[in-house]
Amino acid sequence: MSAAPNRRAIAVILLVPLIVTLSLWAFSWPAARLAPRDLPVGIAGAAPAADQLQKQFEQRKGAFEIHRYDDAAAARDAIEDRVVYGAVVITGKGPQLLTASAASPVVSQLLTEAAKGAASAGTAVPVTDVVAAPTADPRGAALGASFLPLALAGVAAGALVTLMKLGGARAALTLAGAAGLVGIAATAIAHSWLGVLTGGWWTEAGAVGLTVLAIGSAVGGLAALLGTKGIGAGALLMVLLGNSFSGVTSAPELLPEPVGAIGQWLPPGAGGSLLRSVAFFDGAAAGGAVLILTVWAALGLAAVLIGGRRPPEEAGTAEHSGHRHEPALATR
């Protein structure tokens, strides 16, 4: 009689440490191994001095992906287009560093240290922040912290649609409506109240909404195809992997390989890149992230619609249970 409860108790005892171990691995390991890995950096200026500087950067094998530019204007354009995170410009007065703290304050600091290390001893390296992070969030802490709630909002939307037994077009419209309202609410807080976003208000709301829709649709779609266990699978994929591998608090190129690349193919990572683009860079390099989020949303909604066409399961269990509890006729 007690065998089944005992097995469930043992399962809980083993499952909780496993979940904690996986969570610590997913969140702590990438953070503990932050280092540049093919980080796009520009070098601009005359060939002899620029060649020497490039060799110094390339001494750290695999750390930097060097892009060469003719002058500071070209390097500045590349930074604003999100082609590179920063650039060292060779001038007649010595090297000058161009950064974009809005793209990643962590990378901006790393490039400052790298440029000073590559310069001759005693040479000052002026730093110009081409696209600065907002004064309300100079370290990007608020932006980075916002994506876990957004991921949880998407998971909650997909889970609630499933648990409330909404299916088909009704479920799809519910997911879209919830995502849209989350986008408006989140932008009202981050842009209008906190001032940590500085782009177009409705564009930012659209980026947040699309991110939440992609997450919620994926969770709802998995649940429509796999049942309620799809909620757990979706939550693990979006929160445990998607959020921890997103690189929102640092940069994808600073995460261990292939974590950074995987994170950008999942909605939290793509959403983080999209929001930075529309909030600080006038939408530069946003196309790839929009495509990834749209594909996730489309596939998830398609699964929700397909799942909604399935015939409802018959409640045979309840009927059998009812028969078990019918009182037996007493013999007299």
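Counting from 1, the numbers follow the sequence of the chain as shown.
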Is it the case that Ser192 and Trp201 place a side-chain donor and acceptor less than 3.5 Å from each other? yes
Heavy-atom donor-acceptor pair, [X] side chain to [Y] backbone, under 3.5 Å:
{"X": "Ser23", "Y": "Ile19", "answer": "yes"}
{"X": "Glu80", "Y": "Phe281", "answer": "no"}
{"X": "Ser146", "Y": "Leu143", "answer": "yes"}

What distance do [X] atom [atom1] and [Y] atom [atom2] have between them, rounded to the nearest 0.5 Å?
{"X": "Leu213", "Y": "Leu293", "atom1": "CG", "atom2": "CG", "value": "9.0 Å"}
{"X": "Ile79", "Y": "Tyr69", "atom1": "CD1", "atom2": "OH", "value": "8.5 Å"}
{"X": "Ser246", "Y": "Leu150", "atom1": "OG", "atom2": "CG", "value": "11.0 Å"}
{"X": "Arg37", "Y": "Leu255", "atom1": "CZ", "atom2": "CG", "value": "7.5 Å"}
{"X": "Ile43", "Y": "Ile66", "atom1": "CD1", "atom2": "CD1", "value": "4.5 Å"}

Would you sort out whether Glu113 and Gln109 count as a side chain to side chain donor-acceptor pair (under 3.5 Å), showing the intermediate values? CA-CA 6 Å; Glu113 295 172 358; Gln109 181 62 34; 3.2 Å; yes
Could you tell me whether the side chain of [Y] reaches within less than 4.5 Å of the side chain of [X], counting heavy atoms only?
{"X": "Leu175", "Y": "Val212", "result": "no"}
{"X": "Pro267", "Y": "Ile292", "result": "no"}
{"X": "Pro36", "Y": "Leu110", "result": "yes"}
{"X": "Leu111", "Y": "Val41", "result": "yes"}
{"X": "Leu275", "Y": "Thr211", "result": "no"}

Residue pair Asp129 / Ser101: nearest heavy atoms and the distance that separates them: OD2-OG, 2.5 Å
Minimal non-hydrogen separation, Pro268 against Ile215, with atom names: CG-CD1, 4.1 Å
If you draw a 6.0 Å radius around CG in Asp77, do more than 12 non-hydrogen atoms from other residues or ligands fall strictly inside? yes
Arg68: which residues meet the salt bridge (charged side-chain N to carboxylate O under 4.0 Å, His left out) condition with it, sequence neighbours left out? Asp51
